[in-house]
Amino acid sequence: MEKLKALKGFKDLLPGESERWDAVASLVRNTFHAFGFSPVRTPVLERTTLFTRSIGETTDIVEKEMYTFEDWDGKAVTLRPEGTASVVRAYLEHRLGLHPLPVKLYYQGPMFRHERPQAGRLRQFHQVGAEIIGEIDPKQDVELLSLLSHFFEQTGISGLTLEINSLGCPLCRPPYRKTLQDYFQVRLGTLCEDCGRRFNSNPLRILDCKKATCKTVTQEAPASADHLCPECETHFKAVQEGLNVLKLPYSLSKHLVRGLDYYTKTAFEMTTTQLGAQNAVAAGGRFDGLVEALGGPATPAIGFAMGMERIMQLLPESQHELPKLRLFMAPLGEVAGQHLFPVLYALRQQGICCEMGKPSAALKRQMKQADRLEAAFVLIAGEEEMAAEQVILRNMRTKAQLHLPLSNLVEGISAQIAP
RNA sequence: GUGGGUGUAGCUCAAUGGUAGAGCACUGGUCUGUGGCUCCAGUGGUUGAGGGUUCGAUUCCCUUCACUCACCCCA
């Protein structure tokens with residue numbers, strides 16, 4: 001029989017690692033809440049058109065990476081490859097724009113792209129994202145970046161760089177794109193094969209080609225930040241000033257581009273050098289045209305997404321610590337076992353993490369089990385103790401033992417072992 | 001989709017053209033009601049799968065699959 005196993009690019013999260021994910025999730029909750037963001041959860045399955053209209057028909061994601069299939073009613077549906085489109089869809093569907101603007105939302109959950117797995121890249125991966133919808137003010141850009149920066153500070157991850165750029169808007173991007181194509185037109189011979197393709201499909205992409213030969217060509221290429229319309233230029237300047245006021249470190253990256261079509265103006269990435277080729281830990285930008293493109297009123301917005309798997313790889317070891325077992329109860333014989341069983345339940349109801357051994361097992365064996373589970377305390381209830389209406393409570397670290405009466409046992413235990 | 005690397009016990013890895021071993025882990029004993037340490041023993045592998053060469057293949061060759069890294073793309 002064929003061995004059953006998880007699909008390529010899909011991973012199980014086992015005890016040990018799961019707790020670390022929970023810890024990061026709760027850090028997300030606290031941090032994002034402090035910055036005024038509310039959580040949303042949207043379905044993982046959406047109509048395919050949501051993504052083709054938002055991400056862009058000709059992007060690689062839409063063309064060859066989406067898990068798309070026909071639903072029972074014959075309609076094309078897709079496992080979401082990213083989160084922003086769904087959030088905007090929900091924003092429009094539930095008329096969240098009727099709330100005071102801007103609306104600030106965040107989400108976390110699995111995304112799906114059929115790519116070849118490699119370091120920091122899976123087919124089911126997890127993102128945490130935040131969006132500010134309904135406000136064009138560059139202060140929103142700065143607020144969002146301050147959240148990003150503060151969050152990573154809280155994680156203890158070091159060695160991150162915030163890079164920013166401006167991609168322009170529908171007014172200044174087309175002429176810039178033309179300028180760029182003119183520049184590359186006469187240099188096509190020196191570009192790599194991939195860049196030859198990009199020249200027509202997405203000339204901006206040539207700017208972040210990794211090949212050395214292309215890099216020498218792109219070095220002198222015109223930068224979008226130098227070809228902005230007055231509005232975009234003012235906006236970009238204001239963002240930089242805002243970052244300076246908050247003393248947030250960043251660097252201007254003239255050749256930073258985005259993979260999804262909906263981005264405008266401010267674009268940014270949080271990168272690391274410790275993760276191999278997949279060096280972006282978080283990325284995002286302004287998407288002032290997306291809400292309208294999905295059928296809503298013209299509404300400016302900005303957001304980012306962070307890759308959970310990449311964050312987990314960078315998280316310092318100190319964050320791995322697991323909660324330990326507080327109490328292990330070792331009954332010797334059925335009488336003790338039956339007496340302790342309700343006590344076990346009562347202690348757990350108080351939120352105390354405890355386990356109980358098998359009454360038929362020898363004390364030595366139960367002690368060993370308690371040790372393996374890293375129990376802080378062990379409760380020993382043998383025949384002698386039961387006859388004397390008491391139990392022994394042993395502190396495993398100090399080896400100190402004391403007797404507790406059977407009456408009011410739950411209270412007696414919790415008073416002794418409270419952390 | 002393209003290219004490179006690697007597949008031996010649950011984990012980390014040895015070894016040899018003559019049908020496999022260690023450490024860790026696990027189970028038990030040493031220790032008749034008190035854990036960690038020591039020592040001893042035990043469980044555990046059709047050497048990823050299929051085919052070929054050979055008297056004989058885990059080792060050499062081919063194919064395939066899986067994992068992995070990189071390209072592409074992207075968080």
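Predicted model, so just to flag it, every value in this text is computed and none were measured. Letters A, B, ... are given to chains in the order of the sequence lines, protein chains preceding strands, and every chain is numbered from 1.
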Protein-nucleotide distance ([X], atom [atom1]; [N], atom [atom2]), rounded to Å:
{"X": "A/K5", "N": "B/rA49", "atom1": "NZ", "atom2": "C1'", "result": "13 Å"}
{"X": "A/F377", "N": "B/rG35", "atom1": "CZ", "atom2": "P", "result": "18 Å"}
{"X": "A/E63", "N": "B/rC72", "atom1": "CD", "atom2": "P", "result": "17 Å"}
{"X": "A/I392", "N": "B/rG35", "atom1": "CD1", "atom2": "P", "result": "13 Å"}
{"X": "A/F152", "N": "B/rA75", "atom1": "CZ", "atom2": "C1'", "result": "9 Å"}
{"X": "A/L7", "N": "B/rA66", "atom1": "CG", "atom2": "C1'", "result": "13 Å"}

Could you tell me how far [M] sits from [N] if I compare only their [atom1] atoms? Round to whole Å.
{"N": "B/rA49", "M": "B/rC67", "atom1": "C1'", "result": "14 Å"}
{"N": "B/rA75", "M": "B/rG52", "atom1": "C1'", "result": "47 Å"}
{"N": "B/rC39", "M": "B/rC31", "atom1": "C1'", "result": "12 Å"}
{"N": "B/rC73", "M": "B/rU46", "atom1": "P", "result": "44 Å"}
{"N": "B/rC60", "M": "B/rG23", "atom1": "P", "result": "27 Å"}
{"N": "B/rA9", "M": "B/rU59", "atom1": "P", "result": "15 Å"}
{"N": "B/rC61", "M": "B/rC13", "atom1": "C1'", "result": "26 Å"}
{"N": "B/rC24", "M": "B/rG17", "atom1": "C1'", "result": "31 Å"}

Is there a side-chain contact between [X] and the phosphate of [N], meaning an N or O under 4.0 Å from OP1 or OP2?
{"X": "A/K210", "N": "B/rC71", "answer": "yes"}
{"X": "A/R197", "N": "B/rC72", "answer": "no"}
{"X": "A/Q118", "N": "B/rA70", "answer": "yes"}

Below 3.5 Å, does any donor atom in the side chain of A/E385 face an acceptor in the base of B/rG33, or the other way round?
yes
Mark yes or no for a side-chain to base donor-acceptor pair under 3.5 Å between A/Q401 and B/rU34, with no hydrogen or angle criteria applied.
yes
Subject >> Note, A/C209 side chain near A/D194 side chain (heavy atom, < 4.5 Å) >> reply: no
For this session: Determine whether A/F35 and A/S146 make a side-chain contact, defined as any pair of heavy atoms from C-beta on separated by less than 4.5 Å.
Result: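 Counting from C-beta outward, A/F35 and A/S146 do come under 4.5 Å.
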How would you label the contact of [X] with the nucleic acid (heavy atoms, under 4.0 Å): base, sugar-phosphate, or nothing?
{"X": "A/E384", "value": "base"}
{"X": "A/M306", "value": "nothing"}
{"X": "A/K64", "value": "nothing"}
{"X": "A/Q369", "value": "nothing"}
{"X": "A/A282", "value": "sugar-phosphate"}
{"X": "A/Q278", "value": "base"}

For [X], all residues meeting salt bridge (charged side-chain N to carboxylate O under 4.0 Å, His left out), sequence neighbours excluded:
{"X": "A/E374", "answer": "A/K324"}
{"X": "A/E269", "answer": "A/R258"}
{"X": "A/D60", "answer": "A/K64"}
{"X": "A/K11", "answer": "none"}

Mind checking ring-ring contact (aromatic ring centres under 6.0 Å, His included) for [X] and listing every partner two or more places apart, or none if nothing turns up?
{"X": "A/F341", "answer": "none"}
{"X": "A/F51", "answer": "none"}
{"X": "A/Y176", "answer": "A/H227"}

[X] side-chain proximity, nearest of [options]:
{"X": "A/A280", "options": "B/rC72, B/rU34, B/rA75", "answer": "B/rA75"}
{"X": "A/A362", "options": "B/rC69, B/rG33, B/rC72", "answer": "B/rG33"}
{"X": "A/L363", "options": "B/rC67, B/rC71, B/rG33", "answer": "B/rG33"}

(request) Would you confirm whether the ring centroid of A/Y106 sits within less than 6.0 angstrom of the ring centroid of A/F32? (result)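 Between A/Y106 and A/F32, which both carry aromatic rings, the centre distance is below 6.0 Å.
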Check your understanding: For the side-chain contact (heavy atoms from CB on, under 4.5 Å) test, which of A/L393, A/V391, A/I392 pairs with A/H403?
Key ->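 Testing A/H403 for a side-chain contact (heavy atoms from CB on, under 4.5 Å) against A/L393, A/V391, A/I392 leaves exactly one candidate, A/I392.
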| message | Quick one about A/Q154 and A/T31 (side-chain donor to acceptor, distance below 3.5 Å, no hydrogens or angles considered), yes or no? | response |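 Per modelled atom types, A/T31 and A/Q154 side chains form no pair under 3.5 Å.
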Got a list of protein N/O to nucleotides 25-31 of chain B N/O distances below 3.5 Å?
from, atom 1, to, atom 2, distance (Å)
B/rU27, OP1, A/R372, NH1, 3.3
B/rU27, OP2, A/R372, NH1, 3.2
B/rG28, OP1, A/R365, NH1, 2.5
B/rG28, OP2, A/R365, NH1, 3.2
B/rC31, O2, A/K364, NZ, 2.5

If only atom types and distance count, is the side chain of [X] paired as donor or acceptor with the main-chain N or O of [Y] below 3.5 Å?
{"X": "A/S253", "Y": "A/E163", "value": "no"}
{"X": "A/D137", "Y": "A/K139", "value": "yes"}
{"X": "A/R326", "Y": "A/I417", "value": "yes"}
{"X": "A/R123", "Y": "A/F10", "value": "no"}

With the criterion being N/O to N/O and under 3.5 Å, what pairs connect the protein with nucleotides 1-10 of chain B, and how long is each?
from, atom 1, to, atom 2, distance (Å)
B/rU2, O4, A/R116, NH1, 2.6

CA sep, side-chain torsions, deciding dist, call: A/Y91, A/V40, side chain to side chain contact (heavy atoms under 4.5 Å, CB included): CA-CA 10 Å; A/Y91 169 87; A/V40 287; over 6 Å; no
Between A/K8 and A/R258, whichever has its closest RNA chain B nucleotide further toward 5' is A/K8
Which sits closer to the 5' end of RNA chain B, A/P117 or A/V281, going by the nucleotide each is nearest to?
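Here A/P117 is the residue nearer the 5' end.
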Residues of residues 122-130 of chain A with a heavy atom under 4.0 Å from any atom of RNA chain B, listed by number, are A/L122, A/F125, A/Q127
A/F125 six-ring face occupied by A/R121 cation (under 6.0 Å, within 45°): no
Writing each nucleotide of RNA chain B 5' to 3' as (, ), [, ], | or . by Watson-Crick or G-U pairing under 3.5 Å yields (((((((..((((....[..)))).((((.........)))).....(((((..]....))))))))))))....
Discussion item. Could you report the tightest heavy-atom contact between A/P102 and A/E135, atom names first, then the distance?
Written reply: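 Scanning both residues, the minimum pair turns out to be CB-CB, 3.7 Å.
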Any protein N or O atoms within reach of nucleotides 46-48 of chain B? Criterion: under 3.5 Å, listing atom names and distances.
none

